[in-house]
Amino acid sequence: MPDLWSPVDVGRMRLRHRLALSPMMRNRALPDGSPTPLDAEYFAQRASLGLLITGGTQPSADGQGFLLSHGCHTDAHIAGWQQVTKAVHDAGGHLFVQLMHAGRVAHPDNTPHGRAPVAPSAVAAGVGIHTPSGNQQVPPPRELSTEEVCATVEDFRRAAAAAIEAGADGVEVHGANGFLVQQFLSANANHRTDAYGGSVAGRTRFALEVTEAVAAEIGADRTAVRLSPGLRGFGIDEGETGPATYTHLVRALAGLDLAFLHLTHHGDEALLTELRTVFPGPLLLTRPGATIEERAADVETGLADLVTLGRLALANPDVVTRLRTGAALNTPDPATFYGGGAEGYTDYPAL
Ligand SMILES: Cc1cc2nc3c(=O)[nH]c(=O)nc-3n(C[C@H](O)[C@H](O)[C@H](O)COP(=O)(O)O)c2cc1C
């Protein structure tokens, strides 16, 4: 079995090792959502990770949930991302833009337009997120009409084209962590009676249509999807319907020849093993909070082809060199929390 330091082909990329930068919002875009030179510097510093995935980036104005998050749907956004992709490529890395529509995990005070969040159904997430006036409960969302669901699929398609125009190596569809795509997947958030709700096939339809639209636009070998089966949090509780939903969805995704599937482990080891069998392409695994040894073991046992580093790579931009040479690692700030609470998605000091 391969080790962490062996090369791997992923989509159009030949990567020198099996580590990748996990997507992490830093919430320091310009107020219009454009990336800045600080973003270019931040990603270039971490280029030795090879595959860098940006933090959640809204495909449309309505997709924004958090303060000062990035967008990828205007000419200004494209110009900003061009600076980032150039810096990353000059430093030898590859950049995938993570397209994230926050859905109901959003607060109007965090967006320039101030509109109410939208979601599959008018079911509140029941969580608090960081806003300019501190931690606030997210308000109940407005239910998307069927036409709006189709329009949202098109937003993802256009944003994927914009990411490629900006020089990105690909796009990761954010189907994890309780945001819009996972709200469609989860029976406790999706009470729709049209084709996008109800059965497993109905609840997985939006995730599939978004992925197919992105793949048709930019090529399947530049398209990835992140899923977090078994997540409890952000108002998501998939309960007994979860495993069947993910087996169905991943089986359908397996037919698309994607660049990679990114799974986050939330404790169901048997489901993870099953999904690994169902999906024949490259599998990127996030095992939150795991040690380097545990992450390396996921590659060595063949459970994953690549593994991410998140907070460790925030605190150590040169984490690859440190790991290769056995140098000491900075400990991530334990106050950095990614649960969407008061501390969630706020700035983190290391560049
Ligand atoms: C500051 C911060 C921001 C995050 N933002 C995102 C995000 O935008 N998209 C996403 O899919 N995951 C996000 N996450 C989750 C990480 O990708 C990752 O799953 C998590 O940090 C666990 O991995 P780790 O133990 O290596 O840090 C974020 C995590 C942190 C710490």
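Please read all numbers here as calculations on a predicted model, not as lab measurements. Counting starts at 1 for both ligands and their atoms, in listed order.
- Close contacts between ligand 1 and Q98 involve ligand atoms 7 (C), 8 (O), 9 (N), 10 (C), 11 (O) [criterion: under 4.0 Å to a heavy atom].
- Of all the atoms in ligand 1, the ones that sit under 4.0 Å from a non-hydrogen atom of G289 are 25 (O).
- One finds no salt bridge joining R12 and D169 here, because no Lys/Arg side-chain nitrogen approaches an Asp/Glu carboxylate oxygen to under 4.0 Å.
- Interface atoms of ligand 1 facing G56, defined by a heavy-atom separation under 4.0 Å, are 7 (C), 8 (O).
- Note: the hydrophobic cluster containing L15 does not contain W5 (ILVMFWY, side chain heavy atoms under 4.5 Å, direct or indirect links).
- When side chains are defined from C-beta on, P2 counts as touching V299, because their heavy atoms get closer than 4.5 Å.
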Residues 256-263 side chain polar contacts: donor-acceptor under 3.5 Å, at least two apart:
from: H262; atom 1: ND1; to: E172; atom 2: OE1; distance (Å): 2.9
from: H262; atom 1: NE2; to: R226; atom 2: NE; distance (Å): 3.3
from: H262; atom 1: NE2; to: T286; atom 2: OG1; distance (Å): 2.7

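- Residue N177 touches ligand 1 through its side chain alone, judged by heavy-atom distances below 4.0 Å.
- Residue H174 places at least one N or O, backbone or side chain, under 3.5 Å from an N or O of ligand 1.
- Every heavy atom of H265 sits 4.0 Å or more from the atoms of ligand 1.
- Both tests do not hold together for R192 against F206: distance to the six-membered ring centre under 6.0 Å, angle to the ring axis within 45°.
- For the pair G310 and ligand 1, the shortest N or O to N or O distance falls below 3.5 Å.
- Residue contacts with ligand 1: S22 is placed with a nitrogen or oxygen under 3.5 Å of a nitrogen or oxygen of the ligand (distance criterion only).
- Checking only distances, P288 never comes within under 3.5 Å of ligand 1, N or O to N or O.
- Contacts between H262 and ligand 1, counted as non-hydrogen atom pairs separated by less than 4.0 Å, are absent for every part of the residue.
- Taking both residues in full, the closest heavy atoms of E143 and E148 are given as O-OE1, 4.1 Å, listed atom of the first, atom of the second, then distance.
- When each atom of ligand 1 is checked for a heavy atom of G55 under 4.0 Å away, the hits are 8 (O).
- Looking at every heavy atom in both residues, T54 comes nearest to F43 through CA-CZ, 3.8 Å.
- Within 6.0 Å of atom CZ in R16, 12 or fewer heavy atoms from other residues, nucleotides or ligands are found, so the atom counts as exposed in its surroundings.
- Within the listing of ligand 1, atoms 19 (O), 23 (O) sit less than 4.0 angstrom from a heavy atom of T286.
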